Every structure is written in structure tokens, then in C-alpha cells.
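Remarks on the structure that follows.
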Amino acid sequence: YLSGLIEEAKQTYNIDPNRVYLIGHSNGGFMSFRMACEASTLFTALVSLAGSTYDDPADCQPGTPAVSVLVVHGTADGTVPYEGVPDVYPGAVEVIERSAATAGCDPGSSTPLGTLDLVPALEGEETARQAYQEDCDEGLSAELWTINEGGHIPFFSTEFADQTTDWLFRH
């Protein structure tokens, strides 16, 4: 269904095919990863907020090219736990390391990018960012934004939309 919507939009409107992105929250995050596994040629990058991917990496056979991935996940998420659920779905760190490897990046080499204050209800700059960008295929990268003490449905500041949009436009 989503593949059909993307194809129809590309045929109907003047769309740059290199600027098609997916953003999903929770089940939508799972769906974004499923699209990366099954239809990665249709879009360029994805943002998954509180989602995950297949437990078994063999269930995901992305096409070429791969997509850039931004995982945003709270450590206090009681619905889709940050650590994942054994034999059901992987945690945020494993998801981003797999995504980095798929993008050709070195999953064992990440770079801290500092912190952001994206959730006004949490004190200080609660969101720590890690980039996986070493040895990546051209134009690809992967990032993990960990919302320390963030729950499943964080109430973001407008800065969140600005930061995620900027990230997508860079990919």
C-alpha cells in the first residue's frame, strides 16, 4: 500500500525522487523499517521514533541503495522498550548498528554529536546523539538519538521538528 502511494505521488506530482522520506512513530517506526527492508529503492531516509525492526536480521533484505536511518528512542519507553524484547524485536542500539552496517558504515565506530533539549518536560539537554558515519556508502549515515528518561510519547518542543527535518534534508 505505502509503495503504491509513493509511486502514485511520484507520478502525479513534481517530486525529487532523492527527497522522499519516511517518518514513523511506534508501529509507524516498525513500518518504516519494514519499508527499508522491502522497498528501499522508493525513498532516501527514514526517522523511526520509538519503533524497531525484525528480530532476525535475515528477515530484512534491503534493496540497493540502502537508506540513511535516524532512530529516536526514549530510555523510559514502557511500550516499545529501548532495550528491545528478546525474541520479538531488537533494542535501539542494535537497530542502529544494523542500520549502520547496511549503509556500509562501521557499526563499531560511532561519534558523539552532543545533546539537545527536545522534551521540555525533562530537565536539561536530555537527548544524546550518536552518529555512525565512518566508512559509509556515499551519501548514507545512521544516527541514534537517545532521549534519557523519555517515554513512549514524548511531548517535543518545536525544535524536534526542526532538527529531524534538517537531518532528513541532509540525506
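It should be emphasised that the depicted structure is a prediction, and the values quoted were computed from it without experimental measurement.
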Look at the side chain of [X] and the backbone N and O of [Y], then say whether any donor-acceptor pair between them is shorter than 3.5 Å.
| X | Y | answer |
| --- | --- | --- |
| T164 | A161 | yes |
| H171 | Y21 | no |
| E126 | V119 | yes |

Please report the shortest heavy-atom distance between [X] and [Y], naming the atom on each side.
| X | Y | value |
| --- | --- | --- |
| T44 | R19 | OG1-N, 3.9 Å |
| L140 | S68 | CA-OG, 3.3 Å |
| A36 | L46 | CB-CD2, 3.7 Å |
| Y82 | T146 | OH-OG1, 2.8 Å |
| N148 | A128 | ND2-CB, 4.2 Å |

* Can you tell if the side chain of T53 reaches within under 4.5 Å of the side chain of C37, non-hydrogen atoms only? ->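 Yes, their side chains come closer than 4.5 Å.
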* Asked: Do the side chains of V20 and K10 get nearer than 4.5 Å, heavy atoms only?
  ->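 The answer is yes, as the side chains (C-beta and beyond) meet within the 4.5 Å cut-off.
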* To do: Output the distance between atom CG (L116) and atom CD (Q163), rounded to the nearest 0.5 Å.
  => 5.0 Å
* Atom pair OH (Y132) and OG (S141), whose distance is rounded to the nearest 0.5 Å -> 12.0 Å
* **Check against side-chain contact (heavy atoms from CB on, under 4.5 Å), W145 and V47** => CA-CA 10 Å; W145 294 4; V47 176; over 6 Å; no
